[in-house]
Participant: 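Okay, handing you the structure first.
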Amino acid sequence: MPEVLEVERYRELAEGVVGRPVAKVVVPDPHCLADPTTQAGLRRALVGVPFERARRHGKLLLLDQPGVSLGLRFGMTGGLLVDEELAIDRLIYAPAEIGEQWIRFRLYFADGGQLSLHDPRRFGRVQLDPDESRLGPDVLSLTEGDLRTALAVRAGPGPALKARLLDQSKLAGVGNLLADEILWRADLAPDRPCASLDRTEERRLHRVMQRTLAELTERGGSHMGDLMDERHPGGHCPRDGTELVRTVVGGRTTFWCPGHQR
DNA sequence: TAGATTGTTACCGT
DNA sequence: CACGGTAACAATCT
């Protein structure tokens, strides 16, 4: 579920914990702790100190204290709970109830409130001072020049366009659904080599990308794209009716329209 | 029931 | 070194 749009919503929710001193750290599922973070380390670093900021870099949420950052990654099914409010879109992923058994990590605050990582599938991770240097520029504030740099190739045709959009070290925040939606809207085939794009196409991709992110934010998230309903075998292009092709690009299932994506 | 899944990382091969 | 392909991870849903 969480791509950049969802994590940005988590960040907004997490602003609600700024200024509140951490009273207790609970880790019902230590599996969620990313090396070398430990429960004892979290307690030592966080307890007694208030957060001063909620940040986001791509799909990584960061809660800063003076001198230390708490990083949260949400994997495929992670969600954030603050004071019993869950910041996920129930339209698409709607567990009947928020299962207490799926709370993997929780902070209690001195005022009695809490912040929790809710994650049925357990791909989410918690880490102190996560390495942000391996992330490219955040897609929500990406300039046209940033995109050109992200698509740049040393030699040869370069990787498939979609694979590059999914490469978090080049460009942080785009996931599988957003990548398909953006390329569909930009009339670009997902397997186009990066180096084959001309300046006009790069500019179009940048414009469509920003527009798509803004529009899907309005609609409620990554899963609200025009392509979503047709993302199944036999689905048709909402624009021209062509049967969509299902392939694998960049290791991920890809739906695209051979009728208008070139 | 078999198959698919919105993310990340490691590893192998070219 | 860059990149593709694959598997692994884990659990749930269609």
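Not measured: the values here are computed from a predicted model. Each chain gets a letter, A, B and so on, in the order the sequences are listed, and its residues count up from 1.
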Participant: Does A:Lys59 offer a backbone N or O that forms a donor-acceptor pair with the side chain of A:Glu3 under 3.5 Å?
Facilitator: no
Participant: Starting at atom CD of A:Gln168, determine the distance to atom P of C:dC3, rounded to an integer number of angstrom.
Facilitator: 16 Å
Participant: Between A:Glu8 and A:Arg11, is there a side-chain N and carboxylate O pair less than 4.0 Å apart?
Facilitator: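 Looking at A:Arg11 together with A:Glu8, the answer is yes, because their closest N to O distance falls below 4.0 Å.
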Participant: Using a strict heavy-atom distance below 4.0 Å, which residues from residues 171-186 of chain A are in contact with DNA chain B?
Facilitator: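 Residues of residues 171-186 of chain A under 4.0 Å from DNA chain B: A:Gly175, A:Asn176, A:Leu177.
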Participant: Quick check: closest heavy atoms across A:Val249 and A:Ala160, and the distance to 0.1 Å?
Facilitator: CG1-CB, 3.7 Å
Participant: Within this structure, what is the NE2-to-C1' distance between A:His232 and B:dA4, rounded to whole angstrom?
Facilitator: 14 Å
Participant: Would you indicate which nucleotide in B:dG7, B:dT5, C:dT12 comes nearest to any side-chain atom of A:Thr253?
Facilitator: B:dT5
Participant: Looking at A:Arg246, I'd like to know whether one of its side-chain N or O atoms comes within less than 4.0 Å of OP1 or OP2 on B:dT5.
Facilitator: yes
Participant: Is there a side-chain contact between A:Leu33 and A:Leu42, using heavy atoms and a 4.5 Å cut-off?
Facilitator: yes
Participant: Is A:Thr77 close enough to B:dT5 that one of its side-chain N or O atoms is under 4.0 Å from OP1 or OP2 there?
Facilitator: no
Participant: Evaluate the criterion side-chain hydrogen bond (donor to acceptor under 3.5 Å, both in side chains) for residue pair A:Thr149 and A:Asp146; output intermediate values, then yes/no.
Facilitator: CA-CA 5 Å; A:Thr149 302; A:Asp146 289 336; 5.5 Å; no
Participant: Mind calculating the distance between CD (A:Gln127) and C1' (B:dT8) to the nearest angstrom?
Facilitator: 12 Å
Participant: Are A:Phe123 and C:dC9 stacked, counting the six-membered base ring, centres under 5.5 Å, planes under 30°?
Facilitator: yes
Participant: Using a heavy-atom cut-off of under 4.0 Å over every strand shown, decide if A:Ala155 touches base, sugar-phosphate, or nothing.
Facilitator: nothing
Participant: Tell me the salt bridge (Lys or Arg N to Asp or Glu O under 4.0 Å) pairs involving residues 149-167 of chain A, sequence neighbours left out?
Facilitator: A:Lys162-A:Asp180, A:Asp167-A:Lys170
Participant: Any side-chain heavy atom of A:Leu72 sitting closer than 4.5 Å to one from A:Phe105?
Facilitator: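 Side chain of A:Leu72 against side chain of A:Phe105, heavy atoms only: contact under 4.5 Å found.
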Participant: Is the shortest distance from a Lys or Arg side-chain nitrogen in A:Arg20 or A:Asp83 to a carboxylate oxygen in the other one below 4.0 Å?
Facilitator: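 Salt bridge flag = yes for A:Asp83 with A:Arg20.
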Participant: What is the separation between atom CZ on A:Arg125 and atom P on C:dC9, rounded to the nearest whole Å?
Facilitator: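 In whole Å, C:dC9 P lies 12 Å from A:Arg125 CZ.
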Participant: How many whole angstroms separate atom CZ of A:Arg122 from atom C1' of C:dT12?
Facilitator: 13 Å
Participant: Measure CZ/A:Arg231 against P/C:dC13 and give the value in whole Å, please.
Facilitator: 20 Å
Participant: Check whether any side-chain N or O of A:Arg252 sits under 4.0 Å from OP1 or OP2 of B:dG7, and answer yes or no.
Facilitator: yes
Participant: Quick one: is A:Trp102 getting a side-chain N or O under 4.0 Å of the C:dT12 phosphate, OP1 or OP2?
Facilitator: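 Yes, A:Trp102 has a side-chain N/O under 4.0 Å of OP1/OP2 on C:dT12.
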Participant: Over how many whole Å does the gap from A:Leu166 atom CG to B:dT8 atom P extend?
Facilitator: 9 Å
Participant: So if I take every side-chain heavy atom of A:Arg134 and compare against C:dG4, B:dT9, B:dG7, which nucleotide ends up nearest?
Facilitator: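 The nucleotide sitting nearest to the side chain is B:dT9.
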Participant: 5'-most contact on DNA chain C: A:Val248 or A:Arg154, nearest heavy atom basis?
Facilitator: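 Nearest-nucleotide comparison on DNA chain C picks A:Arg154.
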Participant: When you compare C:dC9 with B:dT1, how far apart are their C1' atoms, in angstrom units rounded to a whole number?
Facilitator: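 That atom pair is separated by 22 Å.
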Participant: Taking the side chain of A:His31 as heavy atoms from C-beta outward, which of C:dG4, C:dC9, B:dT5 is closest to it?
Facilitator: C:dC9
Participant: Tell me: CG of A:Leu117 to C1' of B:dG7, nearest whole Å?
Facilitator: 13 Å
